[in-house]
Amino acid sequence: MACRAAGEELPRPCCNGYSELAPADMRRALVQERPEKHSREEAAEGGELPALEDAYLSILEGLGENPARQGLLQTPRRAAKAMQFLTKGYQETIEDILNDAIFDEDHNEMVIVKDIDMFSLCEHHLVPFFGKVHIGYLPIKKVVGLSKLARIVEIFSRRLQVQERLTRQIALAITEALKPAGVAVIVEASKGQGDTKYQE
Amino acid sequence: MEKGKLGALLEQPPRSVSCNGYALEEKQPPPPPPAAPSRALERPRYSQGTSARCLDGWKEERTRSEEDNEMNLPSLAAAYTTILRSLGEDPERQGLLRTPWRAATAMQFFTKGYQETISDVLNDAIFDEDHDEMVIVKDIDMFSLCEHHLVPFVGKVHIGYLPNKQVLGLSKLARIVEIYSRRLQVQERLTKQIAVAITEALQPTGVGVVIEATHMCMVMRGVQKMNSKTVTSTMLGVFREDAKTREEFLTLIRS
């Protein structure tokens with residue numbers, strides 16, 4: 001069955017970006033889906049900036065523009081830094097932000113945080129998509145600081161993403177951290193061209 | 001006579017003094033207009049941008065062809081592969097395998113305005129009409145790329161003009177917006193290019209262009225202000241001189 005996302009024939013059910021992982025690894029990989037952290041930190045410290053700048057310079061030339069004109073002189077550097085910012089989620093982990101904000105509360109009614117602004121990058125075209133995330137969960141004895149839900153959204157959205165995976169990663173992260181009775185995540189997003197995609 | 005007046009008005013300094021890629025040319029004395037190129041409509045009414053100082057974006061010359069696109073695609077894709085690797089991602093994983101090609105094709109689409117010229121789009125859609133009331137086409141969706149960060153900015157364009165014996169097919173106004181917005185742009189320059197293109201093509205009594213846009217470079221990064229909009233306008237001819245005409249235009253696009 002052909003995978004629409006990757007555009008290739010695949011001998012397995014339609015992929016969603018993480019079905020290539022063995023089930024045992026899936027939970028771990030979904031929450032912390034990146035290679036060794038130190039290579040990400042290297043990228044964060046600007047070690048990769050020259051390579052990014054060169055890449056953007058060749059993109060400008062390949063598009064037929066004149067990179068020496070005034071408006072574009074610093075563009076490779078600005079675009080490289082912007083791209084690093086837009087993918088800064090790779091440098092962050094859930095433990096960093098959650099470790100001290102889980103509280104024991106005897107509350108077993110639904111908690112909802114809605115209209116969390118979300119900005120992400122489509123991994124297929126490197127085009128931004130943005131929208132809102134709505135999160136609800138039913139706690140069992142443990143609640144999480146509310147802004148931490150927005151931070152979880154930030155960590156996973158500031159990456160190269162597919163909306164389906166983003167939704168699932170947020171839900172799984174909350175499940176792992178709190179072990180609630182249930183979690184629901186809805187992401188509604190668009191690429192600004194007049195269409196909206198809803199993902200639950 | 002009207003044409004000369006309009007031409008003189010176009011040579012005035014722009015209302016905004018911030019340098020936006022073509023302010024340099026105004027400090028020099030206007031060079032003589034170039035020899036008319038083969039396009040029938042090319043009657044430059046302004047003296048900026050007629051030399052090799054500013055090769056792209058400002059002039060209407062076609063800087064790219066379909067063959068160029070095909071030739072450049074591999075190097076663009078290689079650049080995107082480098083970007084993916086430098087960001088710490090794994091370009092070999094399934095979701096990213098063809099991303100460099102897709103991103104390169106997408107970027108070529110977002111800059112397809114470099115392949116098109118106004119004369120391609122307009123040659124046969126100018127009609128003689130004895131209409132001298134304002135014509136407005138508003139809420140034209142616009143998608144462009146910020147040339148500073150290569151991040152999109154999206155918004156709406158409102159165009160009004162006072163015809164002088166010649167009117168333009170209405171969808172051609174939207175096509176003019178497309179040609180100039182599908183480039184690496186600065187919103188100020190985009191506004192002016194649209195206004196000047198209409199002026200060149202129709203020689204109307206006046207043209208007004210207003211663009212309001214949201215810049216992703218401000219929303220997704222940097223100051224991260226979600227709800228801010230940037231509004232730029234260019235008023236030429238009677239739209240600049242006559243406050244009442246301008247007022248009528250601005251009122252009508254607001255309603």
Side-chain angles (χ1 to χ4, degrees), chain A residues 3 5-8 10 15 17-20 34-35 39-40 42-44 48-49 51-52 54-66 69-72 74-75 78-87 90-91 117 119 123-128 130 159-160 162 165 191-194, chain B residues 19-21 24 54-57 63-64 68-69 71-73 75-76 78-90 93-99 102-108 110-111 114-115 141 143 147-152 154 183-184 186 189 214 216-217 219-222 224 226:
Chain A
C3 172
E8 294 161 348
L10 290 178
C15 76
Y18 48 81
S19 61
E20 70 259 40
R34 79 253 188 279
S39 69
R40 307 282 183 173
E42 261 176 37
E48 297 292 337
L49 201 58
L52 279 170
D54 287 338
Y56 274 110
L57 188 60
S58 73
I59 287 172
L60 289 179
E61 285 163 355
L63 293 174
E65 259 285 5
N66 170 18
R69 71 173 170 90
Q70 191 207 39
L72 294 186
Q74 295 290 327
T75 291
R78 283 187 293 244
K81 285 192 172 164
M83 190 56 101
Q84 282 184 327
F85 179 85
L86 296 176
T87 54
Y90 289 122
Q91 275 101 47
D117 287 305
F119 304 95
E123 73 177 14
H124 297 140
H125 299 90
L126 301 184
V127 169
F130 39 90
R159 297 181 178 188
L160 302 184
V162 172
R165 184 193 315 136
K191 293 185 174 167
Q193 316 247 342
Chain B
C19 181
N20 46 16
L24 288 168
C54 192
L55 286 175
D56 45 285
T63 58
R64 214 165 86 182
D68 289 336
N69 281 354
M71 264 177 20
N72 290 325
L73 201 60
S75 68
L76 282 173
Y80 275 110
T81 309
T82 310
I83 289 172
L84 290 179
R85 212 166 266 128
S86 304
L87 293 174
E89 261 284 6
D90 170 20
R93 72 171 170 88
Q94 192 203 41
L96 294 185
L97 260 181
R98 291 197 54 77
T99 290
R102 284 186 293 245
T105 315
M107 190 56 103
Q108 284 183 333
F110 291 139
T111 53
Y114 290 125
Q115 294 166 224
D141 287 310
F143 308 96
E147 73 178 13
H148 299 141
H149 299 93
L150 301 184
V151 173
V154 306
R183 297 181 178 189
L184 303 184
V186 169
R189 185 194 315 142
T214 309
M216 287 298 122
C217 56
V219 168
M220 290 177 71
R221 59 163 291 287
Q224 300 193 54
M226 316 282 171

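Letters A, B, ... mirror the listed sequences (proteins, then strands); counts begin at 1. Predicted model, so just to flag it, every value in this text is computed and none were measured.
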Worksheet item: Given that the side chain runs from C-beta out, which part of A:L52 has a heavy atom under 4.5 Å from chain B: side chain, backbone, both or neither?
Response: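 Looking at A:L52, backbone and side chain both touch chain B.
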Practice prompt. With a 4.5 angstrom heavy-atom cut-off, could you sort out which part of A:L57 is near chain B: side chain, backbone, both or neither?
Written response: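 Neither part, no heavy atoms under 4.5 Å.
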Working to the nearest 0.5 angstrom, can you tell me the gap between [X] [atom1] and [Y] [atom2]?
{"X": "B:H149", "Y": "A:F85", "atom1": "NE2", "atom2": "CZ", "value": "11.0 Å"}
{"X": "B:R183", "Y": "A:L63", "atom1": "CZ", "atom2": "CG", "value": "12.5 Å"}
{"X": "A:S58", "Y": "B:I83", "atom1": "OG", "atom2": "CD1", "value": "7.5 Å"}
{"X": "B:R221", "Y": "A:M83", "atom1": "CZ", "atom2": "CE", "value": "12.0 Å"}

Item to complete: Return the minimal non-hydrogen interatomic distance between B:P152 and A:P128, and the atom names on each side.
Response: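 Looking at all heavy atoms of both residues, the shortest contact is CD-CG, 3.7 Å.
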Item to complete: Grab the two heavy atoms, one from B:L87 and one from A:Y90, that are nearest each other, plus how far apart they are.
Response: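 Minimum heavy-atom separation between B:L87 and A:Y90: O-CD1, 4.2 Å.
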Practice prompt. Give, as side chain, backbone, both or neither, the part of B:M226 having an atom under 4.5 angstrom from any heavy atom of chain A.
Written response: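 For B:M226, the contact with chain A is made by the side chain alone.
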Worksheet entry | Under 4.5 Å from any heavy atom of chain A - which part of B:M220 |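 Contact with chain A involves both backbone and side-chain atoms of B:M220.
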Fill in: side-chain hydrogen bond (donor to acceptor under 3.5 Å, both in side chains) against A:T87, all qualifying residues, sequence neighbours excluded
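In terms of side-chain hydrogen bond (donor to acceptor under 3.5 Å, both in side chains), with neighbours along the sequence ignored, A:T87 is linked to no residue.
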Item to complete: Identify, with sequence neighbours excluded, every residue that meets side-chain hydrogen bond (donor to acceptor under 3.5 Å, both in side chains) alongside A:D117.
Response: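 Result, side-chain hydrogen bond (donor to acceptor under 3.5 Å, both in side chains) vs A:D117: A:K132.
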Discussion item. Please evaluate residues A:D54 and B:T82 with respect to the criterion side-chain contact (heavy atoms from CB on, under 4.5 Å), reporting the C-alpha separation (whole Å), side-chain torsions for both, the decisive distance (0.1 Å), and the verdict.
Written reply: CA-CA 9 Å; A:D54 287 338; B:T82 310; over 6 Å; no
Worksheet item: Is there a donor-acceptor contact under 3.5 Å from the side chain of A:R78 to the main chain of B:H148?
Response: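 Here the side-chain-to-backbone pair exists.
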Side-chain contact test, heavy atoms from C-beta onward, threshold under 4.5 Å: evaluate it for [X] versus [Y] and give yes or no.
{"X": "B:V219", "Y": "A:F130", "answer": "no"}
{"X": "A:L160", "Y": "B:L84", "answer": "yes"}
{"X": "A:K191", "Y": "B:F143", "answer": "no"}

